[in-house]
Amino acid sequence: MGFTEGRNGIVEPLLDEIAELILKENSYWDGSATELASLVKVEVQPHVITRKLNVLAGRLYAEHGIYFRSERTHVGRKLRFWKDVTDKA
(Lines give C-alpha, C1' and ligand atoms only; values in the text may rest on other atoms or scores of the structure.)
Protein backbone atom coordinates (compact mmCIF):
# COMPACT_ATOMS: atom_id res chain seq x y z
CA MET A 1 0.00 0.00 0.00
CA GLY A 2 1.31 3.44 -0.90
CA PHE A 3 1.14 6.28 1.56
CA THR A 4 -0.99 9.35 0.98
CA GLU A 5 0.92 12.60 0.75
CA GLY A 6 -0.72 15.64 2.31
CA ARG A 7 -1.05 19.06 0.72
CA ASN A 8 2.12 20.18 2.45
CA GLY A 9 4.00 17.19 1.00
CA ILE A 10 4.34 15.43 4.36
CA VAL A 11 3.53 11.72 4.29
CA GLU A 12 1.69 10.46 7.38
CA PRO A 13 1.44 6.64 7.29
CA LEU A 14 -0.66 6.60 10.48
CA LEU A 15 -3.60 8.15 8.62
CA ASP A 16 -3.44 5.51 5.88
CA GLU A 17 -3.27 2.72 8.46
CA ILE A 18 -6.32 4.10 10.27
CA ALA A 19 -8.22 4.40 6.97
CA GLU A 20 -7.44 0.76 6.17
CA LEU A 21 -8.58 -0.30 9.64
CA ILE A 22 -11.85 1.64 9.41
CA LEU A 23 -12.67 0.15 6.02
CA LYS A 24 -11.96 -3.34 7.40
CA GLU A 25 -14.12 -2.70 10.50
CA ASN A 26 -17.27 -1.71 8.56
CA SER A 27 -16.78 2.06 8.72
CA TYR A 28 -16.53 2.31 12.52
CA TRP A 29 -13.93 1.61 15.22
CA ASP A 30 -13.54 2.61 18.83
CA GLY A 31 -11.06 1.67 21.50
CA SER A 32 -8.05 2.89 23.41
CA ALA A 33 -4.90 4.38 21.94
CA THR A 34 -3.07 1.28 23.17
CA GLU A 35 -5.46 -0.96 21.20
CA LEU A 36 -5.01 1.20 18.11
CA ALA A 37 -1.22 1.13 18.45
CA SER A 38 -1.32 -2.67 18.43
CA LEU A 39 -3.45 -2.75 15.25
CA VAL A 40 -1.56 -0.34 13.00
CA LYS A 41 1.71 -1.12 11.22
CA VAL A 42 3.32 2.11 12.37
CA GLU A 43 5.66 2.12 15.33
CA VAL A 44 4.24 4.80 17.60
CA GLN A 45 3.49 5.11 21.31
CA PRO A 46 -0.20 5.32 22.35
CA HIS A 47 0.08 8.83 23.84
CA VAL A 48 1.71 10.04 20.60
CA ILE A 49 -1.17 8.60 18.55
CA THR A 50 -3.67 10.71 20.47
CA ARG A 51 -1.59 13.87 20.14
CA LYS A 52 -1.03 13.33 16.41
CA LEU A 53 -4.70 12.64 15.76
CA ASN A 54 -5.79 15.76 17.62
CA VAL A 55 -3.64 17.73 15.17
CA LEU A 56 -4.37 15.66 12.04
CA ALA A 57 -8.12 15.07 12.47
CA GLY A 58 -8.97 17.56 9.71
CA ARG A 59 -6.55 15.89 7.33
CA LEU A 60 -7.94 12.44 8.18
CA TYR A 61 -11.38 13.66 7.12
CA ALA A 62 -10.16 15.57 4.05
CA GLU A 63 -8.09 12.68 2.69
CA HIS A 64 -10.14 9.67 3.79
CA GLY A 65 -13.61 10.93 4.80
CA ILE A 66 -13.09 9.62 8.34
CA TYR A 67 -14.18 11.48 11.45
CA PHE A 68 -12.19 11.25 14.69
CA ARG A 69 -13.21 11.95 18.25
CA SER A 70 -11.34 11.46 21.51
CA GLU A 71 -13.44 11.07 24.64
CA ARG A 72 -12.71 10.62 28.31
CA THR A 73 -14.88 8.10 30.12
CA HIS A 74 -14.88 6.75 33.68
CA VAL A 75 -12.74 3.86 32.39
CA GLY A 76 -10.22 6.03 30.52
CA ARG A 77 -9.75 7.70 27.17
CA LYS A 78 -11.47 6.27 24.12
CA LEU A 79 -10.74 6.99 20.47
CA ARG A 80 -13.60 6.80 18.02
CA PHE A 81 -13.44 6.75 14.21
CA TRP A 82 -16.28 6.58 11.72
CA LYS A 83 -16.52 6.88 7.96
CA ASP A 84 -18.62 9.58 6.34
CA VAL A 85 -21.07 7.48 4.34
CA THR A 86 -23.33 10.28 3.13
CA ASP A 87 -23.58 10.95 -0.58
CA LYS A 88 -22.00 14.25 -1.49
CA ALA A 89 -23.80 15.71 -4.49
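None of the values given here were measured: they were computed from a predicted structure. Here, residue 1 is the first one in the sequence, and each next residue gets the next number.
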*Asks:* Hey, what do you get for CG (L56) to CZ (F68), rounding to the nearest 0.5 Å?
*Replies:*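 Result: 10.0 Å between the selected atoms.
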*Asks:* For the atom pair CZ (R69) and CH2 (W82), what is the distance rounded to the nearest 0.5 Å?
*Replies:*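 That separation rounds to 6.5 Å.
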*Asks:* Please report the interatomic distance CG(D16) to CG(L21), rounded to the nearest 0.5 Å.
*Replies:*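 One gets 12.5 Å once the value is rounded to the nearest 0.5 Å.
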*Asks:* Are any side-chain N or O atoms of K83 and backbone N or O atoms of H64, one a donor and one an acceptor, separated by less than 3.5 Å?
*Replies:*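 The answer is yes, because a donor-acceptor pair under 3.5 Å joins these two groups.
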*Asks:* Check ring pair (Phe, Tyr, Trp, His ring centres under 6.0 Å) between Y28 and all other residues, then give those that pass, not counting sequence neighbours.
*Replies:*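 Ring pair (Phe, Tyr, Trp, His ring centres under 6.0 Å) check on Y28 returns nothing, list empty.
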*Asks:* With distance as the sole test, does E20 use its side chain to make a donor-acceptor pair with the main-chain N or O of E17 at under 3.5 Å?
*Replies:*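 No.
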*Asks:* With rounding to the nearest 0.5 Å, note down the distance linking CG in L14 to CZ in R59.
*Replies:*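 Taking CG in L14 and CZ in R59, the distance rounds to 10.0 Å.
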*Asks:* Is the distance between the ring centroids of Y61 and Y67 under 6.0 Å?
*Replies:*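 Ring-ring flag for Y67/Y61: true, centres closer than 6.0 Å.
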*Asks:* According to side chain to side chain donor-acceptor pair (under 3.5 Å), does anything in residues 38-53 pair up with another residue at least two apart or in another chain? List the pairs.
*Replies:*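 Output for this query lists E12-K52.
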*Asks:* What heavy-atom pair brings A33 and L79 nearest, and what distance separates the two atoms?
*Replies:*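 Answer, listing the atom of A33 first, then L79: CA-CD1, 3.7 Å.
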*Asks:* For the atom pair CD1 (I18) and CD (E63), what is the distance rounded to the nearest 0.5 Å?
*Replies:*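 If I round to the nearest 0.5 Å, the distance is 11.5 Å.
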*Asks:* N54 and S70: which non-hydrogen atoms are nearest, and at how many Å?
*Replies:*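 Of all heavy-atom pairs spanning N54 and S70, the closest is OD1-CB, 4.3 Å.
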*Asks:* Just to verify, what does R80 make a salt bridge (Lys or Arg N to Asp or Glu O under 4.0 Å) with, not counting sequence neighbours?
*Replies:*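 R80: salt bridge (Lys or Arg N to Asp or Glu O under 4.0 Å) contacts with E71.
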*Asks:* Mind checking the CG-CD1 spacing from L36 to I49? Nearest 0.5 Å is all I need.
*Replies:*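 Here the interatomic distance stands at 4.5 Å.
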*Asks:* Do L23 and F81 sit in the same hydrophobic cluster, where Ile, Leu, Val, Met, Phe, Trp and Tyr count as joined when their side-chain heavy atoms come under 4.5 Å apart?
*Replies:*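 Each belongs to a different hydrophobic cluster.
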